[in-house]
Number of protein chains: 2
Amino acid sequence: MTDTAAPPTLDDVARLARVSTATVSRCINSPDRVAASTRARVETAIKTLGYTPNFAARFMAAKRTFTIGAIIPTMENAIFARGLQAFQEELHQRGYTLLVSSSAYKAEAEEEQIRTLVARGADGLLLIGHDRDPQIYDYLAQQHVPVLVAWSYSETARVPSIGFDNRAAMRSLAERMIALGHKRIAMISGISEQNDRARLRIEGVKDAMAAHGLDPERLAPVELPYDVHSGAAAFVDLMSHSPRPSLVLCGNDVLAVGALRGAHQLGLKVPEDVSITGFDDIELAQVVTPELTTVHVPHREMGRKAAQELVGMVEEKRQGVSEKLETTIMERSSVSILRDQSE
Amino acid sequence: MTDTAAPPTLDDVARLARVSTATVSRCINSPDRVAASTRARVETAIKTLGYTPNFAARFMAAKRTFTIGAIIPTMENAIFARGLQAFQEELHQRGYTLLVSSSAYKAEAEEEQIRTLVARGADGLLLIGHDRDPQIYDYLAQQHVPVLVAWSYSETARVPSIGFDNRAAMRSLAERMIALGHKRIAMISGISEQNDRARLRIEGVKDAMAAHGLDPERLAPVELPYDVHSGAAAFVDLMSHSPRPSLVLCGNDVLAVGALRGAHQLGLKVPEDVSITGFDDIELAQVVTPELTTVHVPHREMGRKAAQELVGMVEEKRQGVSEKLETTIMERSSVSILRDQSE
DNA sequence: GACCTTAGTGTAAACGCTTACATTTTAAAT
DNA sequence: ATTTAAAATGTAAGCGTTTACACTAAGGTC
């Protein structure tokens, strides 16, 4: 515990325990390969010295880090929190450590973080969504780092993914809304550039409109950052046009909560005056008044399965296999029924 | 770009550029110490090979990582998000990378993460709050890793902190509430064990009560995890007692939002039937109805200053200096005035 | 008792970088 | 042209581990 010059090394332990460094190393990594008596001696030495293995040295020698990196677009809101939590729990169980970085939805920042994490020896990487410069995938392939994408399922993408079909999910929400009688539909979306989730959700709405005789071109989604204030401002702006939409579909729950705020500012009642929907079903969705009708995403399941698959890829050096998760529409009280839905 | 055997190393670059490894290393670390022509040659080699320095090797040789670790209690809600975001931005500007782990409010988990981060060569560590096993500070001292605490200011603690006075902040909020005429006060707190922020906020309320002739012993705060559902359940339970409190002080905004939900379930109007306050002033506080009266914490400022101080400690190898940040009471609409406050 | 396993341990060579020091080249000063 | 200093580059010794391989000692087998 004294503040001596430098942290103790394997050598120090070996000397104290009167064994070779190899034996100490074995004590740590495969204890059953060393005699109980020696092991005891070594363990004592480790304790009294307060020895912690140097990770970098370990990595250099063994080429493994038992670290998984994840880069998420933001920590500012809870969109990724629950999924990531489950991801990390599952990793921990399997003896891996999770390192998280956030890219603030910036492509260059993400690329930098990827390189950082790889250089740091991440055994595998979890990325959100498929949209990014293909060069990055080249780099990752060259470095032999397995990658798994979450929050977006795609069978055609270059890397495996555990996620849901954003387009189909949004489409069924929109179709349900149309079935409830909504025709004047507006949309507040996240920024779709470099973000397949946002892009596909817009497409999903258009699919639904086209399938039910509404002109998809008239949707004209407004795109903005995923935060409450943007959502509120966009909503207020949307309501100044006429005719007013009867329904505002939002790209996610955060934006939808913003829209709710906007309605509140305008003195509009939800859902009586206007209906609003979200996407993700984060905790927030049930916390606002009225509770948000939204698309439920199985975040924990996604995180857990992603961890299992990624570790599998790392340990068995195999290609990952994609999995599509089901989403469900949560009908709560932010949407009004405009006409009998049984027609 | 081809998927060759192994990632390129410094040696490969040196060979291709027909220089020594030392020169390549210098090109990367102090470009001005090498002739422009050579540098150009080396840079081309780096590009064509797609070389990325191996971080572990670098760390071993240089003993620096330009990495700062932060361990926060949770990512599940946005309590730490904004501050951490500012922290990371400031670090990035200074050439450091931030690695984040979450301890899920578990002491052992935190300890493990600390060791992991240190073993990984974090040049410095940001921790939340002061309460933890003193041995950890011994370990950190032995390993010569600078530590800074945030979210809680203390002048007596063993390590420096950039934060606010949780006790005083909560005390002034409580005093303000008492001035508004509230006497039947209840409190929903976070779990105070191993959490000085929670503990001090309780103390703050008791201070205020004692100073105004109310018996602090009657506060009997209920302690539970910081999540909306717990808050709601606790609130419902609290309201079943009589006499009902006129004010429920909550340990943070998340719990307060929970209380709001609880009131909603019970059909109670806030603030007419009962007043509720939070702490932190996260985005959520302004997003719920009614907007939450709460204590505003300068999260971004805290994050920024913490980064500056911690980097200073790392680079100048000096003791850190603590700083107390001011909090302000945000009076919004979740509190009612029971009597003329000018008395 | 000689021979073979096997369990336990030690020796030493990587791993990919940085950097002190040595050496060579270049330019400036005479 | 020669000398001298400064700039550019090279050489090689670590950094703290892991692990292939070599070795020793202790039982088992006949």
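Residue pairs meeting the salt bridge (Lys or Arg N to Asp or Glu O under 4.0 Å) criterion with at least one member in residues 143-160 of chain A, sequence neighbours excluded, are A:D138-A:R158. Pairs passing the salt bridge (Lys or Arg N to Asp or Glu O under 4.0 Å) check and including a residue from residues 8-28 of chain B, sequence neighbours excluded, read B:D12-B:R15. Counting only residues at least two apart or in different chains, ring-ring contact (aromatic ring centres under 6.0 Å, His included) contacts with residues 36-64 of chain B are absent.
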Could you list the donor-acceptor pairs under 3.5 angstrom formed between side-chain atoms of residues 92-100 of chain A and any protein atom two or more places apart in sequence or on another chain?
{"from": "A:H92", "atom 1": "NE2", "to": "B:E112", "atom 2": "OE1", "distance (Å)": "3.4"}
{"from": "A:H92", "atom 1": "NE2", "to": "B:E112", "atom 2": "OE2", "distance (Å)": "3.0"}
{"from": "A:R94", "atom 1": "NH1", "to": "A:E90", "atom 2": "OE2", "distance (Å)": "2.7"}
{"from": "A:Y96", "atom 1": "OH", "to": "A:R64", "atom 2": "NH2", "distance (Å)": "2.8"}
{"from": "A:Y96", "atom 1": "OH", "to": "A:E315", "atom 2": "OE2", "distance (Å)": "2.7"}

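Chain A approaches DNA chain D within less than 4.0 angstrom (heavy atoms of the protein), and the contacting nucleotides run 5' to 3' from D:dG16 to D:dT19.
Overall bending of the helix from C:dG1-D:dC30 to C:dT30-D:dA1, expressed as the angle between end axes built from five pairs apiece, is 40° (10° steps).
Partners of A:F80 under the ring pair (Phe, Tyr, Trp, His ring centres under 6.0 Å) rule, at least two apart in sequence or in another chain, are A:W151. For B:Y226, the ring pair (Phe, Tyr, Trp, His ring centres under 6.0 Å) partners at least two apart in sequence or on another chain are B:Y105. Scored by the salt bridge (Lys or Arg N to Asp or Glu O under 4.0 Å) test, A:E43 finds no partners at all (sequence neighbours excluded). A:N54 meets the side-chain hydrogen bond (donor to acceptor under 3.5 Å, both in side chains) test with no other residue; sequence neighbours excluded. B:T116 is linked by a side-chain hydrogen bond (donor to acceptor under 3.5 Å, both in side chains) to nothing, counting only residues two or more places apart in sequence or in another chain.
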Look for any protein N or O under 3.5 Å of an N or O in nucleotides 14-20 of chain C and output each such pair with its distance, or none.
{"from": "C:dC15", "atom 1": "O3'", "to": "A:K63", "atom 2": "NZ", "distance (Å)": "3.2"}
{"from": "C:dG16", "atom 1": "OP1", "to": "A:K63", "atom 2": "NZ", "distance (Å)": "3.3"}
{"from": "C:dG16", "atom 1": "N2", "to": "B:A57", "atom 2": "O", "distance (Å)": "3.3"}
{"from": "C:dC17", "atom 1": "OP1", "to": "B:Y51", "atom 2": "OH", "distance (Å)": "2.4"}
{"from": "C:dC17", "atom 1": "OP1", "to": "B:N54", "atom 2": "N", "distance (Å)": "3.1"}
{"from": "C:dC17", "atom 1": "OP2", "to": "B:L10", "atom 2": "N", "distance (Å)": "2.3"}
{"from": "C:dT18", "atom 1": "OP1", "to": "B:N29", "atom 2": "ND2", "distance (Å)": "2.9"}
{"from": "C:dT18", "atom 1": "OP1", "to": "B:R58", "atom 2": "NE", "distance (Å)": "3.1"}
{"from": "C:dT18", "atom 1": "OP2", "to": "B:S25", "atom 2": "OG", "distance (Å)": "2.5"}

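Nearest heavy-atom pair, A:P160 versus A:L148, reported as atom, atom and distance to 0.1 Å: O-CD1, 3.4 Å.
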